[in-house]
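Okay, structure first, notes after.
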Amino acid sequence: MKLLIDIGNTRAKLYSLDGGGLTLLKSSSHQQLPVDTESLLACRAYSQIWVASVAQSAVVATLSEAVAPFAVNFNLVKTPRSAYGLINAYAKYESLGIDRWLAMLGGRQQCKRPFIVIDFGTAITVDLVDEFGQHKGGWIAPGYRAMTNVLLSDTSEVTADQAAILSGSRLTFGVSTEQCVSEGIRSALIGYYQQAVTTAQTSLGSKIPVRVFLTGGDAAQLPAQILKQAQLCPELVLEGLAVYANAEKSSDY
């Protein structure tokens with residue numbers, strides 16, 4: 001039994017990995033993460049902990065100290081130059097976010113033809129991988145909430161909280177300021193998706209269709225016709241982390 005932990009910018013998700021696959025156990029704030037992890041270790045027989053983190057190093061250090069008394073193998077995964085059939089495009093390979101690397105690795109396990117991963121999270125990221133597992137680069141842009149906050153920061157009569165995300169089967173024109181902001185930014189997400197697919201296909205210069213993996217909390221806000229064209233994989237980062245955890249020999253990464 002292995003414990004997988006995905007530490008994001010503000011929260012962490014804890015998963016159990018066994019022969020039956022991944023099971024979500026907890027979703028915690030950074031402050032609660034060590035306590036929740038200790039409680040899980042105390043009541044279940046985990047042999048290893050595998051961690052991927054984009055948070056500040058102090059968060060991981062606190063977690064590592066908290067689990068030190070337990071007889072578990074603690075593994076912090078870092079972005080490599082290459083691993084498991086995937087090759088990093090960055091010259092400074094370690095500067096590629098571990099969440100992007102693992103999402104690509106998760107996609108690579110499912111697909112041996114060209115694909116892109118589009119992560120609609122705090123930031124919107126795109127990463128392109130060819131049929132040989134070569135990462136061809138990507139994009140980074142503000143996410144839905146970041147765009148909303150920037151747009152409304154100087155608007156006195158409308159707050160970011162009021163401009164809630166609107167989901168639906170199709171894009172519409174708003175009939176209030178809140179709806180106009182929400183649908184306008186949602187249209188930007190759709191355009192981002194469409195341009196990413198087109199640019200990926202053009203960049204490869206191949207007739208092999210590019211497969212699209214969608215992940216991140218805001219991916220589900222895309223219209224139904226977009227979601228039908230791609231594969232929604234909410235836990236793609238964890239699927240990539242599981243590749244490391246399932247390897248025959250664990251070590252420091």
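Position 1 is the first residue of the sequence, and the numbers go up from there.
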ILVMFWY cluster, [X] and [Y] together (side-chain gap under 4.5 Å):
{"X": "Ile118", "Y": "Leu232", "result": "yes"}
{"X": "Val126", "Y": "Ile190", "result": "yes"}
{"X": "Leu41", "Y": "Val35", "result": "no"}

Item to check | side chain to side chain contact (heavy atoms under 4.5 Å, CB included) evaluation trace for Leu14 with Thr37 | outcome: CA-CA 8 Å; Leu14 295 84; Thr37 304; 3.4 Å; yes

From [atom1] ([X]) to [atom2] ([Y]), nearest 0.5 Å:
{"X": "Phe213", "Y": "Glu239", "atom1": "CZ", "atom2": "CD", "answer": "8.5 Å"}
{"X": "Arg11", "Y": "His30", "atom1": "CZ", "atom2": "NE2", "answer": "9.0 Å"}
{"X": "Asp127", "Y": "His135", "atom1": "CG", "atom2": "NE2", "answer": "3.5 Å"}
{"X": "Met1", "Y": "Gln48", "atom1": "CE", "atom2": "CD", "answer": "12.5 Å"}
{"X": "Leu105", "Y": "Tyr244", "atom1": "CG", "atom2": "OH", "answer": "6.0 Å"}
{"X": "Cys233", "Y": "Asp119", "atom1": "SG", "atom2": "CG", "answer": "11.5 Å"}

Item to check | Tyr193 side chain near Leu214 side chain, heavy-atom distance below 4.5 Å | outcome: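 Touching, per the 4.5 Å side-chain cut-off.
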
Checklist entry - Checking side chain to side chain contact (heavy atoms under 4.5 Å, CB included) against Val210, which of Asp130, Thr198, Leu204, Val197 comes through? => result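 By the side chain to side chain contact (heavy atoms under 4.5 Å, CB included) criterion, Val210 pairs with just one of Asp130, Thr198, Leu204, Val197: Leu204.
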
Next on the checklist: Evaluate Ser182 against Tyr144 for side chain to side chain donor-acceptor pair (under 3.5 Å), listing each step before the verdict.
Outcome noted: CA-CA 9 Å; Ser182 186; Tyr144 187 101; 2.5 Å; yes

Next on the checklist: What verdict does the side chain to side chain contact (heavy atoms under 4.5 Å, CB included) test give for Ser82 and Tyr93, after you've listed the backbone C-alpha separation in whole Å, the side-chain angles of each residue and the deciding distance to 0.1 Å?
Outcome noted: CA-CA 9 Å; Ser82 64; Tyr93 62 88; over 6 Å; no

Next on the checklist: Between Val243 and Leu102, does the side chain to side chain contact (heavy atoms under 4.5 Å, CB included) criterion hold? Intermediate values first, please.
Outcome noted: CA-CA 9 Å; Val243 173; Leu102 292 176; over 6 Å; no

Next on the checklist: Does Gln56, at its CD atom, have more than 12 non-hydrogen atoms belonging to other residues, nucleotides or ligands within less than 6.0 Å?
Outcome noted: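 Open: at most 12 neighbouring heavy atoms sit under 6.0 Å from CD of Gln56.
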
Next on the checklist: Run Arg100 and Ile140 through side chain to side chain contact (heavy atoms under 4.5 Å, CB included) and show every step you take.
Outcome noted: CA-CA 10 Å; Arg100 291 171 61 192; Ile140 303 175; 3.5 Å; yes

